[in-house]
Amino acid sequence: MSFYPDYIPIIKFILGFVALVAFFASGLAYAVLQFIVGAAACLIAIPIALVVMSIASRS
């Protein structure tokens, strides 16, 4: 097992790389989710605002 210690830095590098990718992926997913929620809120708010304005202008 003389070749065993050579794998430790590789394993550490892979684990670090995976952790970094997971961190970026979760951050990206969070940003995308916020964007989708914001876009959905805008799409919901625009018709409501139009309805409210039309009611307000009628009275």
Side-chain angles (χ1 to χ4, degrees):
M1 294 293 267
S2 60
F3 60 87
Y4 180 67
D6 292 336
Y7 283 107
I8 291 171
I10 295 166
I11 290 167
K12 281 183 180 175
F13 173 76
I14 289 167
L15 285 175
F17 185 72
V18 166
L20 197 69
V21 168
F23 177 74
F24 275 116
S26 64
L28 189 68
Y30 181 70
V32 168
L33 192 69
Q34 276 193 320
F35 174 75
I36 290 166
V37 168
C42 284
L43 286 174
I44 291 165
I46 288 166
I48 290 171
L50 289 172
V51 168
V52 167
M53 282 196 297
S54 66
I55 291 167
S57 63
R58 233 182 274 163
S59 60

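Keep in mind that the numbers below use all heavy atoms, side chains included, and drop hydrogens, waters and symmetry copies.
Just one of I14, L15, V21 meets the side-chain contact (heavy atoms from CB on, under 4.5 Å) condition when paired with F17; it is V21.
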Give the table of side-chain donor-acceptor pairs shorter than 3.5 Å for residues 41-54, with sequence neighbours excluded, one pair per line with atom names and distance.
from, atom 1, to, atom 2, distance (Å)
S54, OG, L50, O, 3.3
S54, OG, V51, O, 2.7

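Pairs of residues two or more places apart, or lying in two chains, that qualify as side-chain hydrogen bond (donor to acceptor under 3.5 Å, both in side chains) and include a residue from residues 27-51 are Y30-Q34.
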